[in-house]
S.K.: 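I have a structure here, written as structure tokens, and I will follow up with some questions on it.
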Amino acid sequence: ICLQNNCFISGKNILLHKLQAMSSPKSNVTGLVFEYDSGITPPPYAHVFHMTLDWSGKELQAQLQLHYTDREELSEEEILDEGFTLNDDYQYDGPIDQVWVKSLQELISTSRWTGKSLDEGGIRIGLTESGKVKDYKTPANQEEWQLMAQDLIQAIYETTKKEAPLQVHYRIVNSEKTVDCSVSVHFSNRKVIFEQNGKSRTINWEYAIQLMKLVFTPDYHYDMAKESPGTKRGHYIDCGDGYWHELGKGVVNIDPAFDAVGKIQEGFQSLIDE
């Protein structure tokens, strides 16, 4: 899920090569190294990053060096028009919430590795054992690892207050009543809070992430957006930027074969009905 303008775009097409079983048991792995190159992605989105994670001690320690590339080809205006700043490079060295360790271990245990080179970009992983990185390998499940890396970078951004948690507001108006609710996604501690009528509860992480993917799937027509939610019968959404859109009018499906708008409505209705 791409939650911010300056996150990398994960590949849609995953090339599966000859798979080989993982050689090291999960219990021996105490850290990871991520190396990513966006490949042929054009600037200002083009970037590389190196991220190290170590959970051998009492805390999950993270180091991140992220650098945007080839921006000298663009004018300042072209960069700003895409929603970036003139310096989006970022470095971090410190702890993040240990809740991520379990998810990382699960991904390691279900992944298979290839000897594929990354000539056109992608991610490769180094598994750390006894404080040393073994040889780097390329995961066959590229998209899963790229999404995990993206989530971890977002966790770092929230931990350092560089960015706030994503909060999506939703309103349903029908002939009987108006229902207002919101979903707040906290990557810093891997928690999602659903709030309705002043009451809040924690909801399933995976369910919420899938719902957020749906939220950012359709086209949003900002020329039809308003700064306040609608009062007439319908479904309305604010994706965190203060603009309200009506589903089915200001929010429309890109692919006629996939009803993302309908699934968004179903997803929020399910949370409301619980």
S.K.: Remaining members of Val48's ILVMFWY cluster at a side-chain heavy-atom cut-off under 4.5 Å?
M.R.: none
S.K.: Checking Gln98 against Glu59: is there a side-chain donor and acceptor pair closer than 3.5 Å?
M.R.: no
S.K.: Would you check if there is a donor-acceptor pair between the side chains of Thr138 and Trp113 at a distance under 3.5 Å?
M.R.: no
S.K.: With sequence neighbours excluded, tell me which residues meet salt bridge (Lys or Arg N to Asp or Glu O under 4.0 Å) with Glu227.
M.R.: none
S.K.: Would you tell me whether Asp241 and Tyr222 have side-chain atoms, one donor and one acceptor, within less than 3.5 Å of each other?
M.R.: yes
S.K.: Between Ser38 and Thr41 (side chain of the first, backbone of the second, donor and acceptor by atom type, cut-off under 3.5 Å), is there such a pair?
M.R.: no
S.K.: Rounded to the nearest 0.5 Å, what separation is found between the NZ atom of Lys199 and the CZ atom of Phe194?
M.R.: 12.5 Å
S.K.: Between CE of Met148 and CD1 of Ile125, what distance do you get to the nearest 0.5 Å?
M.R.: 10.0 Å
S.K.: Enumerate the residue pairs fulfilling salt bridge (Lys or Arg N to Asp or Glu O under 4.0 Å) with a member in residues 93-104, sequence neighbours excluded, ordered by first and then second residue.
M.R.: none
S.K.: Name all pairs fulfilling the salt bridge (Lys or Arg N to Asp or Glu O under 4.0 Å) condition that reach into residues 44-56, sequence neighbours left out, sorted by first residue then second.
M.R.: none
S.K.: State the CG-OG1 distance between Asn141 and Thr110, to the nearest 0.5 angstrom.
M.R.: 6.5 Å
S.K.: Answer with yes or no whether the side chains of Ser270 and Asp273 bring together a donor and an acceptor at under 3.5 Å.
M.R.: no
S.K.: Kindly write out the residues that satisfy salt bridge (Lys or Arg N to Asp or Glu O under 4.0 Å) with Glu274, not counting sequence neighbours, or none if the list is empty.
M.R.: Arg201
S.K.: Enumerate the residue pairs fulfilling salt bridge (Lys or Arg N to Asp or Glu O under 4.0 Å) with a member in residues 176-195, sequence neighbours excluded, ordered by first and then second residue.
M.R.: Arg171-Asp180, Arg190-Glu206
S.K.: Rounded at 0.5 Å granularity, tell me how far NE2 in His47 sits from NE2 in His67.
M.R.: 11.0 Å
S.K.: About how many Å separate OH of Tyr236 and CG of Leu247, when rounded to the nearest 0.5 Å?
M.R.: 10.0 Å
S.K.: May I have the step-by-step check of side chain to side chain donor-acceptor pair (under 3.5 Å) for Tyr45 and Glu82, ending in yes or no?
M.R.: CA-CA 9 Å; Tyr45 297 92; Glu82 291 296 326; 2.8 Å; yes
S.K.: With distance as the sole criterion, is a donor-acceptor pair present between the side chains of Thr160 and Tyr90 under 3.5 Å?
M.R.: yes
